[in-house]
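Here is the naming used below: chain letters follow the sequence lines, and residue numbers restart at 1 for every chain.
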Number of protein chains: 2
Amino acid sequence: MPESTLYPHVSVDCVIFGFTGEKLNILLISRSGINEEECYNDMKLPGSVIYENEDLDDAAYRVLHELTGIKNIYLQQFHSFGSPERTKNPQDIVWLENAIHMKIGRIVTIGYVALIKIGQKLQNFSDKYEAHWCDINNIGQLAFDHNIIVEKALDYVRLKLEDDPIGLYELLPKRFTEAELRNLHEIIFGTKVDIRNFHKKFLSLHYVVPLDEKQENVAHRAARYYRFDKIIYNQIHR
Amino acid sequence: MPESTLYPHVSVDCVIFGFTGEKLNILLISRSGINEEECYNDMKLPGSVIYENEDLDDAAYRVLHELTGIKNIYLQQFHSFGSPERTKNPQDIVWLENAIHMKIGRIVTIGYVALIKIGQKLQNFSDKYEAHWCDINNIGQLAFDHNIIVEKALDYVRLKLEDDPIGLYELLPKRFTEAELRNLHEIIFGTKVDIRNFHKKFLSLHYVVPLDEKQENVAHRAARYYRFDKIIYNQIHR
DNA sequence: ACAAAAGTGTTCTTGATACACCCATGG
DNA sequence: CCATGGGTGTATCAAGAACACTTTTGT
């Protein structure tokens, strides 16, 4: 893995999506510092300046791996942000120069989207970096232009998952119910779907295979669990 | 418009598509130089290192405007390329350092796609920069990683135009025949479409309005001309 | 028994596909 | 009169949309 000197002109930022079963979340990093004798405490996207001899995808992967410990991540570049205005806030500059111990001017950042399963293994890693899952509908003012990046990332995943739904199963746990998938659909595409029509389509997805397990201790009829079969999926999608 | 010092760490490259009525072309720039006492002559994408205080979109727009003289261009960022390998060819380095009169190390480039109408006005501008329309199926070895960029650009436009066909009308002349649109479809999506089914759909596109003009001096029944109505189009597409 | 979500079919509408002949024009 | 591409309709099929009741389980 590339470890050399930093290349402080280009960075990567990762918008990491996770699904709780109820809400769509993204992973944000707490940041605190002092600006003009005022303490502040806000959030930013996980990201990093790239190394001198490091490819962009590798840099995004490095950020993700360090933060979550996960390998084999669904990770896609989606847009680059290079407005000279994006580093105009002096607070951001001070913070960043502290973080990388370099004088920086302008930085162009390459945005990446990652889709992961929210799990418990992850939490340990996250705590070290003060990472928190935040509801996508309830995100405050972020550092730099990160609010814009998040918006664009959302647009991207919606469009992307529309013609390749594989990402939905990156967000769901290994075993999931039909209702969880339906709920995820509704949240991502912002639509109400008809239960019976959804069921019919669901049954026709041969890459979603039923398990012999059902929910337990739920105050209603227990739902069956299913799993996603990547091999069958790849056979179908050319 | 931003004119300051160059920022030789980030560039933009434009993949400019044009349609002759028969073939899909891209606009390439002739490049020549000497490398190890050998003359060479090859092609590259139009592009430029960005300026210190210039936004990415503005830089791409600047490249396009200087080259073609066109304003109001269909222009979209599609992907960024930052492999450390992309500037490994010493010939490319020498050429670029000559061109911008700066020492350069690594450069991350932001890829843009433009769709334009091949016209006569354009040619004057192009000649100055030694620009040439090249059939997309017949492109040799390009400078840097430009072959990879072109491939990715093609993937992008195909996907993009599939769910927003407005770009098709950026490629066609102001007045066009049904056959020209059909032909363009087939070339971009790589499919044969049924003439009668296409006709039925064509008639249902209210934003394609028939003109009272027909082809002249063709050795067969003259086809009607149509034009694209952007206003009607925008009314329909939310 | 009741609350809460699971599970399940039919009809209708719409869009996509398959398919073949006559027409207008220039040479 | 012939070669070339323009212009047109019908029947079938597949996918999506609308719509309501019974089953299971815990409290």
*Name the residue closer to the 5' end of DNA chain D, choosing between B/Lys200 and B/Glu178 according to the nucleotide with the nearest heavy atom.*
B/Glu178
*Would you confirm whether the ring centroid of B/Tyr233 sits within less than 6.0 angstrom of the ring centroid of B/Tyr169?*
no
*Measure centre to centre between the rings of B/Phe78 and B/Tyr112, then say whether the value is under 6.0 Å.*
no
*Between A/His65 and A/Tyr61, how do the two ring planes meet: parallel, tilted or perpendicular, split at 30° and 60°?*
parallel
In whole Å, I'd like the distance from the [atom1] atom of [X] to the [atom2] atom of [N].
{"X": "B/Phe176", "N": "D/dG6", "atom1": "CZ", "atom2": "C1'", "result": "16 Å"}
{"X": "A/Phe202", "N": "D/dA15", "atom1": "CZ", "atom2": "P", "result": "18 Å"}
{"X": "A/Phe198", "N": "D/dA15", "atom1": "CZ", "atom2": "C1'", "result": "16 Å"}
{"X": "A/Lys201", "N": "D/dA15", "atom1": "NZ", "atom2": "P", "result": "11 Å"}

*Strictly by modelled atom types, are A/Gln76 and A/Tyr156 linked by a side-chain donor-acceptor pair under 3.5 Å?*
yes
Taking 4.0 angstrom as the limit, do [X] and [Y] come out as a salt bridge?
{"X": "A/Arg31", "Y": "A/Asp92", "result": "yes"}
{"X": "B/Asp229", "Y": "B/Arg227", "result": "yes"}
{"X": "B/Glu186", "Y": "B/Lys192", "result": "yes"}

*Partners passing side-chain contact (heavy atoms from CB on, under 4.5 Å) against A/Glu213 (at least two apart in sequence or in another chain)*: A/Arg175, A/Leu211, A/Tyr225
*For A/His199 and C/dG7, is the shortest distance between a side-chain N/O and OP1 or OP2 below 4.0 Å?*
no
*Using a heavy-atom distance cut-off of less than 4.0 Å, which residues of residues 180-197 of chain B contact DNA chain C?*
B/Asp194, B/Arg196, B/Asn197
Please produce a list of atom pairs where a protein N or O lies less than 3.5 Å from an N or O of nucleotides 21-27 of chain C.
unit_1	atom_1	unit_2	atom_2	d
C/dA24	N3	B/Arg221	N	3.2

